[in-house]
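Just so you know, these numbers come straight off a predicted model, no measurement behind them. For ligands, and for the atoms within them, numbers begin at 1 and follow the listed sequence.
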Amino acid sequence: MPKTSPDRRGLLIILSSPSGAGKSTLAKRLRAWDDTIRFSVSATTRAPRPGEIDGADYHFLAEADFKTQVADGGMLEHAHVFGNFYGSPKAAVQEAIDAGQDVLFDIDWQGAQQIRNSSLADHTLSIFLLPPSITELHRRLQTRAQDSDEVIAKRMQKSWDEISHWDAYDYVLVNDDLDATEAKLKAILTAARLRRTQQPQLTDHVRKLQKEFEETL
Ligand code: ADP
Ligand code: 5GP
C-alpha cells in the first residue's frame, strides 16, 4: 500500500504534450522518485494495444458503457481524441487526493481544460511538454517503434493542435535533455506541494502559534 500523508491534500498533476514528446517516460521517472504518486487510469473506447493490460494501462470500455459513465457523472473529464473517447474516472481521484496522495494525469488539452474549470481547480498543477523540434518529435515517435507509419503520420498531424494549447498550462518545459527535464519537473512538484491550499494543517499550526503568542507575550 502506498504511504498516505493526511497532513496535506493531494495534487492533480496534469501532464500534456503532443504524442511522443515524453509524457510516459517522465511520468515513470516521477513515480520511480516518489512511489506515492498515483497514475489516473483513464477509461477509453479504443482497442488495447499488444501488451496493454485492462485496469492498469486503461479501463477498456465499450462505447455504450463509456457514455453511461459520463451520463452518471462518473468522469472528472472526458474527450474525443484520435477518433476514440477517453475519460478520467472521478472516484479514484477523489479518494486519492483526500488521502493526501498526488494523482498524475496523462491527458490531452481538452481534459486539462475541464479539470481546470472544475471544483478541483485549486488543487491542480498543469505542465505542458514541448519537443525541442518537430523533426525530433517525429524521430521520437519512430524510435519508440510502437506505431505503424500510418499512425505516426496521424499523430504528427494532430501534434500542432495539441501544441497550440501550450499557453493554458501553469508550467511549460522543453523536453530536450531528459535528465534536465526530470529535475525541473521534480522542482515544480516540490514547490506545488508547498502551496498554502495543499497544506490544510497550517490553519491548526497558526492557531497554536497564536495561542502561544498570546500566552507568552
Ligand atoms: P509520450 O508519452 O508523450 O507519447 P514517450 O514518453 O513515449 O512520449 O516518449 C517517446 C519516445 O521518445 C520514447 O522512445 C522515449 O524514450 C523518447 N524520449 C522521451 N524524452 C526524450 C528526451 N528528452 N530525449 C530523447 N528521447 C526522449
Ligand atoms: P493513446 O491512445 O496514445 O494512449 O492516447 C492518445 C491521447 O489521448 C494522448 O494524447 C493522451 O494524453 C490522451 N488521453 C489519454 N487518456 C485520456 C483521458 O482520460 N482524458 C483525455 N482528455 N485525454 C486522454
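- Taking a cutoff of 4.0 Å between a charged side-chain nitrogen and a carboxylate oxygen, K184 and D179 do not qualify as a salt bridge.
- When only interatomic distances are considered, the shortest N/O to N/O separation between R140 and ligand 1 falls below 3.5 Å.
- Shown in contact with S17 at under 4.0 Å from a heavy atom are these atoms of ligand 1, numbered in order with element: 3 (O).
- In terms of protein heavy-atom proximity, atom 10 (C) of ligand 1 is closest to G20 O, 3.5 Å.
- The closest approach between any non-hydrogen atom of E162 and ligand 2 is not below 4.0 Å.
- If you look at D106 next to ligand 2, the close heavy atoms, those under 4.0 Å, come from the backbone and the side chain alike.
- Interface of T25 with ligand 1, defined as ligand atoms under 4.0 Å from a residue heavy atom, comprises 5 (P), 6 (O), 9 (O), 15 (C), 16 (O), 19 (C).
- Proximity of E77 to ligand 2, defined as any heavy-atom pair under 4.0 Å, is confined to the side chain (atoms from C-beta onward).
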Check step by step if salt bridge (charged side-chain N to carboxylate O under 4.0 Å, His left out) holds for K208 and E212. CA-CA 6 Å; K208 275 187 207 140; E212 191 185 347; over 6 Å; no

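- Grouping the Ile, Leu, Val, Met, Phe, Trp and Tyr side chains by contacts below 4.5 angstrom, directly or via other members, places I107 with L76.
- Remark: ligand 1 atoms within the under-4.0 Å shell around heavy atoms of D176 are 22 (C), 23 (N), 24 (N).
- Those atoms of ligand 2 that come under 4.0 Å of a heavy atom in R155, given as number and element, are 3 (O).
- Not a single N or O atom of A79, backbone or side chain, sits closer than 3.5 Å to an N or O atom of ligand 2.
- For T197 and D122, the side-chain atoms include no donor-acceptor pair closer than 3.5 Å.
- R46 counts as a contact of ligand 2, since one of its heavy atoms falls under 4.0 Å from the ligand.
- Not a single heavy atom of T181 lies less than 4.0 angstrom from ligand 1.
- For the residue pair N117 and Q113, no side-chain donor N or O sits within less than 3.5 Å of a side-chain acceptor on the partner.
- Look at W109 and you'll find every heavy atom at least 4.0 Å from all atoms of ligand 2.
- Counted by atom type alone, E63 and T45 present zero donor-acceptor pairs between their side chains at under 3.5 Å.
- The shortest contact between atom 2 (O) of ligand 1 and any protein heavy atom is with S24 OG, 2.5 Å.
- Between R139 and ligand 1, no N or O atom pair is found at a separation short of 3.5 Å.
- Distance from atom 7 (O) of ligand 1 to its nearest protein heavy atom, with residue and atom name: R144 NH1, 2.9 Å.
- The two residues G73 and K90 come nearest to each other via the heavy atoms O-NZ, 3.2 Å.
- Under a 4.0 Å heavy-atom criterion, S19 is not in contact with ligand 2.
- Among all non-hydrogen protein atoms, the one lying nearest atom 5 (O) of ligand 2 is Y58 OH, 3.4 Å.
- In terms of polar-atom proximity, defined here as any N/O pair under 3.5 Å, G22 does make such a contact with ligand 1.
- No salt bridge links K158 with E162; every basic N to acidic carboxylate O contact stays at or beyond 4.0 Å.
- Of all the heavy atoms in H80 and Q110, the pair that sits closest is O-NE2, 3.4 Å.
- With I127 as the fixed residue, the side chain to side chain contact (heavy atoms under 4.5 Å, CB included) test singles out one of L189, L26, L185, I14: L185.
- Counting only heavy atoms, the protein never gets under 4.0 Å from atom 9 (C) of ligand 2.
- In terms of polar-atom proximity, E136 is not counted as a contact of ligand 1, lacking any N or O under 3.5 Å from an N or O of the ligand.
- Contact atoms of ligand 1 toward N175: 20 (N), 21 (C), 23 (N) (distance under 4.0 Å to a heavy atom of the residue).
- Checked by atom type, the side-chain pair Y171/S126 shows no donor-acceptor distance below 3.5 Å.
- Among all non-hydrogen protein atoms, the one lying nearest atom 7 (C) of ligand 2 is V81 CG1, 3.7 Å.
- Residue A27 comes nearest to L104 through the heavy atom pair CB-CD2, 3.3 Å, listed as atom of the first residue, atom of the second, then distance.
- Annotation: atom 23 (N) of ligand 2 to nearest protein heavy atom, D108 N, 3.2 Å.
- A salt bridge links E52 with R46: the distance from a Lys NZ or Arg NE/NH1/NH2 to an Asp or Glu carboxylate oxygen falls below 4.0 Å.
- Under the 4.0 Å criterion applied to side-chain N and carboxylate O atoms, R193 and D34 are assigned as salt-bridge partners.
- Remark: minimum distance from atom 2 (O) of ligand 2 to any protein heavy atom is reached at Y86 OH, 2.5 Å.
- Taking 4.0 Å as the cut-off, R49 counts as a neighbour of ligand 2 on heavy-atom distance.
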Trace of the salt bridge (charged side-chain N to carboxylate O under 4.0 Å, His left out) decision for R8 with D102: CA-CA 10 Å; R8 68 176 183 92; D102 301 328; 3.0 Å; yes

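- How far NE2 of H138 is from CD1 of I152: 6.0 Å, rounded to the nearest 0.5 Å.
- Considering backbone and side-chain atoms alike, K23 places an N or O below 3.5 Å from some N or O of ligand 1.
- When each atom of ligand 1 is checked for a heavy atom of S19 under 4.0 Å away, the hits are 4 (O).
- At least one N or O atom of S42 sits closer than 3.5 Å to an N or O atom of ligand 2.
- K154 and E150 are not joined by a salt bridge, as no carboxylate oxygen comes within less than 4.0 angstrom of a charged side-chain nitrogen.
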